[in-house]
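Worksheet: the structure to be examined is printed underneath.
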Number of protein chains: 2
Amino acid sequence: MEIKDIKILLAEDDKNLGTVLKAYLDAKKFKTTLRVNGKEALDEFKMDHYDFLILDVMMPIKDGFTLAREVRELDKEVPILFLTAKSLPEDKMEGFKLGADDYLSKPFSMEELLARIEAILRRTQMHKSNANKEIFTIGKFSFDVTRHILSAEGESHKLTSKEAELLKMLCHRKNETLDRSEALKHIWHDDSYFNARSMDVYVTKLRKYLKDDPTIEILNVHGVGFKLITE
Amino acid sequence: MEIKDIKILLAEDDKNLGTVLKAYLDAKKFKTTLRVNGKEALDEFKMDHYDFLILDVMMPIKDGFTLAREVRELDKEVPILFLTAKSLPEDKMEGFKLGADDYLSKPFSMEELLARIEAILRRTQMHKSNANKEIFTIGKFSFDVTRHILSAEGESHKLTSKEAELLKMLCHRKNETLDRSEALKHIWHDDSYFNARSMDVYVTKLRKYLKDDPTIEILNVHGVGFKLITE
DNA sequence: ATAGGGCTTTAACTTTCTTTAACGCTTATT
DNA sequence: AATAAGCGTTAAAGAAAGTTAAAGCCCTAT
């Protein structure tokens, strides 16, 4: 995997620092997504695949350590690097216990940050060359997100963009509720009545595709959204 | 490129420090040119080629940040390292926004300076060596961007300029969506209905050229653009 | 100047994808 | 139970994209 394919999720509440870091990392050919607190970062992490997390420890709403703990429940592998203003040993310890790979005390230079990211990636990226292949297993189905292909038992079916995007979101939140408004904002870019009805049509389509496996279900949570139930 | 070929432009108003730095760097086999303010440094930069800039932030007549801004208009690549007495975050930020690669707060040791220069050069020189290559690998194909040649297994095919430009853009965004309007603005210089249809024709052409490798795919993302998918 | 060849655009037709509409059913509220 | 809001499903209308062929354009060689 080349550097330019590596997706970084950056959680930093300081708008200024966050924007500059993102610009710098993007200039270094990473794909960086910036979120301004732990909650938004977690939502984003659930929504997409990331190869690396850079988390500010002190953030409003949800701090970096709490976020890391929740991320680790979903993914035990993804490298985490903390940015911390305090350089107290206790904090470092707590961070590393959660499976952090490194930390950096502010202020730091961009060069330093880059060097650490690359060091960690060298260490971890070795044994996963298939990292950017986003493939979900849903019951007896296999869903290739980038290729929009849903396959089972030799048969494979090509999904349209909207079908694929919706199924992707459901997969990222499997066995938990995907908010209707969240999906609408993410896929349709507008949470309105007609788009909601359009989304219903797509739910029906997906149910049809998945109906061959009775253990799979797209459940409606009335007034909230949908939930993909598997195994 | 060997170290002895690397030309450094040093802008430092403190005669004493400047001379010592130049002597040290020259001893380390760099070719160092010393200028005592931003204005003279800019004149020098315009006059000759430099591989690396070391700029003092506080200088008479023209300061380091202003100089960097003007340099960046001429050259977006050349590495810049700031020397700063103040260690205020604001200063750092302003510097990095201009595309600085690192900074060093006074007082610093010569070894430290050398280490940072070498770290930056390792990274940028690396980039340079595969930047001018401009050859993409797409599945079993190889695409020489500058020569407009798409080849596979001895066979090689010359692309027209529009074909090449479009494939280049798709390669730069491989495995992610290239916005239709972005491609139109960049290649056709105008995002209009007829150009969009023209672009569709070129997508068909490219698909034909690439069809021998079934792992490659140019996927349409309805209403958004196209995505080149490679393993 | 002009005829030919390669490249690009326009046109026309076909297919696919998305949205809208309609109608029936289910779930919450009072 | 009555009412309203939310959802399930299907069909159709509408918009975007796929494809092929012909027309237009621009250079170069004659």
Side-chain angles (χ1 to χ4, degrees), chain A residues 145 147-150 156-170 177-212 214 216-229, chain B residues 147-150 156-170 177-211 214 216-229:
Chain A
V145 177
R147 287 178 190 274
H148 294 188
I149 289 173
L150 183 67
S156 82
H157 186 266
K158 185 133 179 186
L159 301 183
T160 72
S161 329
K162 282 275 191 304
E163 289 165 356
E165 283 185 85
L166 183 54
L167 185 53
K168 175 183 171 185
M169 284 193 87
L170 286 165
T177 307
L178 168 66
D179 270 39
R180 190 177 205 111
S181 66
E182 196 183 339
L184 285 172
K185 272 180 254 173
H186 194 263
I187 302 175
W188 278 266
H189 311 112
D190 175 24
D191 176 358
S192 73
Y193 170 78
F194 281 112
N195 285 337
R197 295 325 321 276
S198 194
M199 178 172 165
D200 287 333
V201 172
Y202 279 94
V203 169
T204 299
K205 283 174 199 273
L206 290 181
R207 281 181 179 141
K208 256 180 201 158
Y209 299 146
L210 296 170
K211 74 170 185 298
D212 282 358
I216 305 169
E217 199 180 350
I218 298 178
L219 201 73
N220 172 252
V221 183
H222 197 94
V224 184
F226 295 89
K227 184 151 71 164
L228 175 65
I229 297 177
Chain B
R147 292 173 188 279
H148 293 191
I149 289 173
L150 182 68
S156 81
H157 186 266
K158 176 129 187 182
L159 301 184
T160 70
S161 44
K162 281 275 191 303
E163 289 166 354
E165 283 185 86
L166 183 54
L167 185 53
K168 176 183 172 184
M169 284 194 87
L170 285 166
T177 307
L178 168 65
D179 271 38
R180 195 182 201 107
S181 66
E182 196 183 337
L184 284 172
K185 273 179 250 170
H186 192 264
I187 302 175
W188 279 266
H189 312 294
D190 175 23
D191 176 358
S192 73
Y193 171 78
F194 281 111
N195 286 336
R197 297 324 322 276
S198 192
M199 178 172 167
D200 286 334
V201 173
Y202 279 95
V203 169
T204 299
K205 283 174 198 274
L206 291 181
R207 282 183 177 139
K208 257 180 200 156
Y209 299 146
L210 296 170
K211 74 170 185 298
I216 304 170
E217 200 180 349
I218 298 178
L219 197 76
N220 171 252
V221 182
H222 198 97
V224 184
F226 295 89
K227 185 154 76 162
L228 174 65
I229 297 174

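Labels below follow one simple rule: chain letters A, B, ... track the order of the sequence lines, proteins then strands, and each chain is numbered from 1.
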TODO: On DNA chain C, check which nucleotide each of B:E163 and B:H222 is closest to and give me the residue with the more 5' one.
DONE: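 Counting from the 5' end, the first nearest nucleotide belongs to B:E163.
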
- [ ] With DNA chain C as reference, determine whether A:L159 or B:K162 sits nearer its 5' end, using the nearest nucleotide of each.
- [x]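 Its nearest nucleotide lies further toward 5', so the answer is B:K162.
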
TODO: Kindly check if the number of other-residue, nucleotide or ligand heavy atoms within 6.0 Å of NE2 (B:H186) is above 12?
DONE: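 Not buried by this count: 12 neighbours or fewer within 6.0 Å.
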
- [ ] Measure across B:L184 and B:S192 and return the closest heavy-atom pair with its distance rounded to 0.1 Å.
- [x]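 Heavy-atom minimum between the residues: CD1-O, 4.4 Å.
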
Task: Nearest non-hydrogen partners of A:G225 and A:N220, listed with the distance - done: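 A:G225 and A:N220 have their closest heavy atoms at O-ND2, 3.3 Å.
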
TODO: Would you check if B:H222 and A:T160 make a side-chain contact, meaning some heavy-atom pair closer than 4.5 Å?
DONE: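 Sidechains of A:T160 and B:H222: no contact.
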
Task: Student check: side-chain heavy atoms of B:L219 and A:R147 closer than 4.5 Å - done: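 They are not in contact (no side-chain heavy atoms under 4.5 Å apart), so the answer is no.
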
Under 4.0 angstrom, heavy atoms only, what part of the nucleic acid is [X] near: base, sugar-phosphate, or nothing?
{"X": "A:T160", "answer": "sugar-phosphate"}
{"X": "B:K208", "answer": "sugar-phosphate"}
{"X": "B:K158", "answer": "nothing"}

Open item on the list: One pair to check against side chain to side chain contact (heavy atoms under 4.5 Å, CB included): A:L166 and A:L170. What are the steps and the verdict?
Closed with: CA-CA 6 Å; A:L166 183 54; A:L170 286 165; 4.3 Å; yes

- [ ] Determine which pairs satisfy side-chain hydrogen bond (donor to acceptor under 3.5 Å, both in side chains) with at least one residue from residues 201-210 of chain A, sequence neighbours left out, and list them in order.
- [x]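 The answer is A:E163-A:Y209.
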
- [ ] Kindly determine whether A:L150 and A:L210 satisfy side chain to side chain contact (heavy atoms under 4.5 Å, CB included), including the steps that lead there.
- [x] CA-CA 9 Å; A:L150 183 67; A:L210 296 170; 4.1 Å; yes

Task: Range on DNA chain C touched by chain B - first to last nucleotide, heavy-atom distance under 4.0 Å - done: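 The footprint of chain B covers C:dC7 to C:dT18.
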
- [ ] Would you jot down, in residue-number order, the residues of residues 190-201 of chain B having a non-hydrogen atom under 4.0 Å from DNA chain D?
- [x]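 B:R197, B:D200, B:V201, in order of number.
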
TODO: Look at B:T204 and D:dG18 and indicate whether a side-chain polar atom (N or O) is within less than 4.0 Å of OP1 or OP2.
DONE: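 Answer no for this pair, as no side-chain N or O of B:T204 is under 4.0 Å from OP1 or OP2.
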
TODO: Return the value, rounded to whole Å, for the distance between atom CH2 of B:W188 and atom P of D:dC25.
DONE: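 Distance, rounded to whole Å: 18 Å.
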
